[in-house]
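One structure is given here, and the rest of the page talks about it.
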Amino acid sequence: MALTTLLGILFSNNKKKKMQLFCELYEFNEKLLLNLKFGKIPLSKIAQEYPIICKILQNELIIEGRDGEFVNNYFKNLGHTDAISQIDYLNERKIYLKKYKDDSLNDYKKYGSLYIKIFFMVGILIAVLLA
């Protein structure tokens with residue numbers, strides 16, 4: 001039972017990691033917008049508050065697939081234009097980030113505990129069959 005429950009936790013961790021990434025990225029985007037409008041703090045200093053963002057800035061692969069491409073494109077386009085263009089870019093990304101954040105949060109709520117429960121039940125079923 002413990003092994004199957006552990007498998008459920010591992011499967012739910014992917015959903016949790018995705019949810020944490022997009023929540024942090026959304027907050028980071030908001031902070032960048034405020035910084036571009038009212039302050040001039042370097043990007044690396046803003047990112048220090050967000051552990052996942054720091055890992056991404058150090059070129060670590062956090063997430064794969066289409067979501068990973070979206071995150072890579074987001075960071076690839078930061079800092080290459082003037083402040084006004086960056087504000088426009090960040091405002092545009094804000095809409096997409098909100099959608100990704102909401103989708104990943106709903107996905108985690110829906111499937112995160114479901115995986116654990118299903119694998120726990122599979123463990124109980126295996127225990128009953130072996131007994």
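None of these values were measured; they are calculated from a predicted model. Scope of the values below: all heavy atoms of this structure, side chains included, with no hydrogens, waters or symmetry mates.
Taking NZ from Lys98 and CG from Leu25, the interatomic distance works out to 13.5 Å, rounded to the nearest 0.5 Å. Rounded to the nearest 0.5 Å, atoms CG (Leu7) and CZ (Phe120) are 14.0 Å apart. Note that CG of Leu21 is 5.5 Å distant from CD1 of Ile63, once rounded to the nearest 0.5 Å.
In this structure the side chain of Tyr89 reaches within 4.5 angstrom of the side chain of Asn77, judged on heavy atoms.
By the side-chain contact (heavy atoms from CB on, under 4.5 Å) test, Leu90 is found to be paired with Asn29, Leu32, Leu33, Leu36, Tyr74, Leu78, residues two or more places apart in sequence or in another chain being considered. Taking the ring pair (Phe, Tyr, Trp, His ring centres under 6.0 Å) definition, one finds that Tyr100 meets it with Phe22, Phe70, sequence neighbours left out. Remark: Asp88 engages no residue in a side chain to side chain donor-acceptor pair (under 3.5 Å) (not counting sequence neighbours). With sequence neighbours left out, Lys109 forms a side-chain contact (heavy atoms from CB on, under 4.5 Å) with Leu105. In terms of the salt bridge (charged side-chain N to carboxylate O under 4.0 Å, His left out) criterion, residue partners of Lys94 (sequence neighbours excluded) are, by chain and number, Glu30. Judged as a side chain to side chain donor-acceptor pair (under 3.5 Å), and not counting sequence neighbours, the contacts of Lys99 are Asp103. With sequence neighbours excluded, the residues forming a side-chain contact (heavy atoms from CB on, under 4.5 Å) with Ser113 are Lys117, listed by chain and number.
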Which pairs would a plain distance check flag for residues 44-61, meaning a side-chain donor or acceptor within less than 3.5 Å of a matching protein atom at least two apart in sequence or in another chain?
from	atom 1	to	atom 2	distance (Å)
Glu49	OE1	Lys31	NZ	2.9
Glu49	OE2	Lys31	NZ	2.8

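The hydrophobic cluster analysis finds Leu6 isolated: no Ile, Leu, Val, Met, Phe, Trp or Tyr side chain comes under 4.5 Å of it, directly or through other members. Taking a 4.5 Å side-chain heavy-atom cut-off between Ile, Leu, Val, Met, Phe, Trp and Tyr, the cluster of Leu125 extends to Leu129.
In terms of heavy atoms, Lys101 sits closest to Cys23 at CG-SG, 3.9 Å.
With hydrogens and angles ignored, the 3.5 Å screen pairs a side-chain donor or acceptor of Thr4 with a backbone N or O of Phe119.
Within the structure, salt bridge (Lys or Arg N to Asp or Glu O under 4.0 Å) pairs that include any residue of residues 15-29 comprise Lys15-Asp107, Lys18-Asp67 (at least two apart or interchain).
Heavy-atom contacts from other residues, nucleotides or ligands closer than 6.0 Å to CD of Glu92 number more than 12.
Ile118 and Ile116 fall into different hydrophobic clusters, where Ile, Leu, Val, Met, Phe, Trp and Tyr residues are linked whenever their side-chain heavy atoms come under 4.5 Å apart, directly or through other members.
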